[in-house]
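Below: one structure, written as structure tokens.
In each ligand, atom 1 is the first atom listed, and ligand 1 is the first ligand listed. Keep in mind that this is a model prediction, so the values were computed, not measured.
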Amino acid sequence: MERTLIIVKPDGVQRGLTGEIIARFERRGLRIIGMKFMQVSRELAEKHYAIHQGKGFYEGLVSYITSSPVVVIALEGTNAIQNARNTIGATRPHEAAPGSIRGDFALEVGRNLVHGSDSPENGVIEVGNFFADSELVSWARNNDSWIFEK
Ligand code: IDP
Ligand code: MG
């Protein structure tokens with residue numbers, strides 16, 4: 001089963017949207033295996049956004065994600081990457097579908113509320129960057145068989 005790292009970014013926490021955002025993934029059926037409230041260090045931000053180094057928005061992106069606390073959530077489920085990204089909506093909020101998190105609550109790409117991993121490989125890597133193995137819980141949910149067919 002795929003894993004994805006979700007981050008409720010500083011704007012989501014500051015705007016009091018943490019619960020609203022988590023609820024959407026929870027209702028979607030993705031299973032929470034880790035969650036914590038934390039301040040992202042510059043070092044961790046640079047690791048997480050290494051692929052964007054050198055781009056014009058990179059410095060702004062690192063200062064955005066380190067500006068204030070975030071909530072990080074590790075989720076697993078069938079096609080967790082794409083299912084979560086659809087729930088999040090397009091990177092640029094004016095292109096995000098109504099009903100998605102960004103389509104409902106955001107206006108600008110630099111204040112787009114939430115991160116979700118972009119591939120199964122990166123899902124595993126990013127969950128490992130933000131969580132120690134001891135912080136992840138492997139568990140069977142009561143309603144798993146009503147969400148996962150197999
Ligand atoms: P994603 O978050 O939808 O996966 P990415 O292309 O991976 O989008 O970009 C990472 C983050 O960098 C975005 O969520 C957004 O916060 C920021 N970002 C991307 N493009 C721009 C831009 O053109 N201006 C400002 N910030 C940007
Ligand atoms: Mg991305």
Side-chain angles (χ1 to χ4, degrees), residues 1-138 147-148:
M1 225 181 271
E2 284 180 14
R3 286 184 173 185
T4 183
L5 179 79
I6 300 299
I7 306 176
V8 181
K9 294 179 178 180
D11 46 342
V13 174
Q14 290 281 4
R15 291 175 57 191
L17 292 172
T18 305
E20 168 75 40
I21 290 169
I22 295 171
R24 288 171 176 233
F25 296 108
E26 197 176 34
R27 289 194 305 237
R28 190 78 198 266
L30 291 161
R31 184 168 56 198
I32 298 169
I33 56 168
M35 178 155 55
K36 63 184 170 183
F37 182 69
M38 66 180 289
Q39 174 73 46
V40 177
S41 66
R42 170 127 197 147
E43 185 187 11
L44 180 57
E46 287 179 352
K47 188 182 216 181
H48 178 66
Y49 282 130
I51 193 166
H52 297 298
Q53 208 159 2
K55 294 182 186 167
F57 60 84
Y58 176 75
E59 275 305 324
L61 178 57
V62 170
S63 61
Y64 167 41
I65 202 74
T66 58
S67 62
S68 171
V70 301
V71 172
V72 289
I73 307 133
L75 299 175
E76 67 183 7
T78 321
N79 298 316
I81 297 292
Q82 198 55 52
N83 280 322
R85 286 183 72 86
N86 291 346
T87 289
I88 291 167
T91 302
R92 299 172 187 284
H94 64 274
E95 295 168 358
S100 66
I101 294 166
R102 288 166 175 166
D104 284 352
F105 300 112
L107 298 174
E108 298 191 17
V109 66
R111 295 288 182 270
N112 63 2
L113 292 170
V114 50
H115 168 82
S117 307
D118 65 4
S119 70
E121 301 71 39
N122 285 338
V124 171
I125 291 168
E126 292 180 356
V127 167
N129 286 342
F130 280 81
F131 290 94
D133 284 347
S134 60
E135 294 176 311
L136 297 172
V137 180
S138 175
I147 296 169
F148 305 135

Answer side chain, backbone, both or neither: which part of [X] comes under 4.0 Å from ligand 1, heavy atoms only.
X    : value
R111 : neither
N112 : side chain
K55  : neither

For the student: nearest non-hydrogen atoms of [X] and [Y], plus distance:
X    : Y    : result
R102 : N112 : NE-O, 3.1 Å
P93  : A106 : CB-O, 3.4 Å
V62  : A45  : CG1-CB, 4.0 Å
V70  : I65  : CG1-O, 4.0 Å

Is the closest N or O pair between [X] and ligand 1 shorter than 3.5 Å?
X   : answer
F57 : no
Y49 : no
T91 : yes

To check your reading of the model: name the closest protein heavy atom to [atom], its residue, and the distance in Å.
atom                    : value
atom 24 (N) of ligand 1 : V109 CG1, 3.4 Å
atom 17 (C) of ligand 1 : L61 CD1, 3.7 Å
atom 2 (O) of ligand 1  : R102 NH2, 3.2 Å
atom 4 (O) of ligand 1  : R85 NH1, 3.1 Å
atom 7 (O) of ligand 1  : H52 NE2, 3.1 Å

Using side-chain heavy atoms (C-beta onward) and a distance below 4.5 Å, is I32 in contact with F25?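 I32 vs F25: side chains apart.
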Salt bridge (Lys or Arg N to Asp or Glu O under 4.0 Å) between R31 and E2, intermediate numbers included: CA-CA 11 Å; R31 184 168 56 198; E2 284 180 14; over 6 Å; no
Between R28 and R24, is a side-chain contact (heavy atoms from CB on, under 4.5 Å) present by the stated rule, with each step listed? CA-CA 6 Å; R28 190 78 198 266; R24 288 171 176 233; over 6 Å; no
Atoms in ligand 1 with a heavy atom of R92 nearer than 4.0 Å: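 Contacts of ligand 1 toward R92, numbered from 1: 23 (O).
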Does K9 make a cation-pi contact with Y64, if we ask for NZ or CZ under 6.0 Å from the ring centre and within 45° of the axis?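 Checked: cation-pi criterion not met.
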Taking only non-hydrogen atoms of E108, do any sit less than 4.0 angstrom from ligand 1?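 Heavy atoms of E108 never come under 4.0 Å of ligand 1.
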H115/V72 under side-chain contact (heavy atoms from CB on, under 4.5 Å): CA gap, chis, key distance, verdict: CA-CA 9 Å; H115 168 82; V72 289; over 6 Å; no
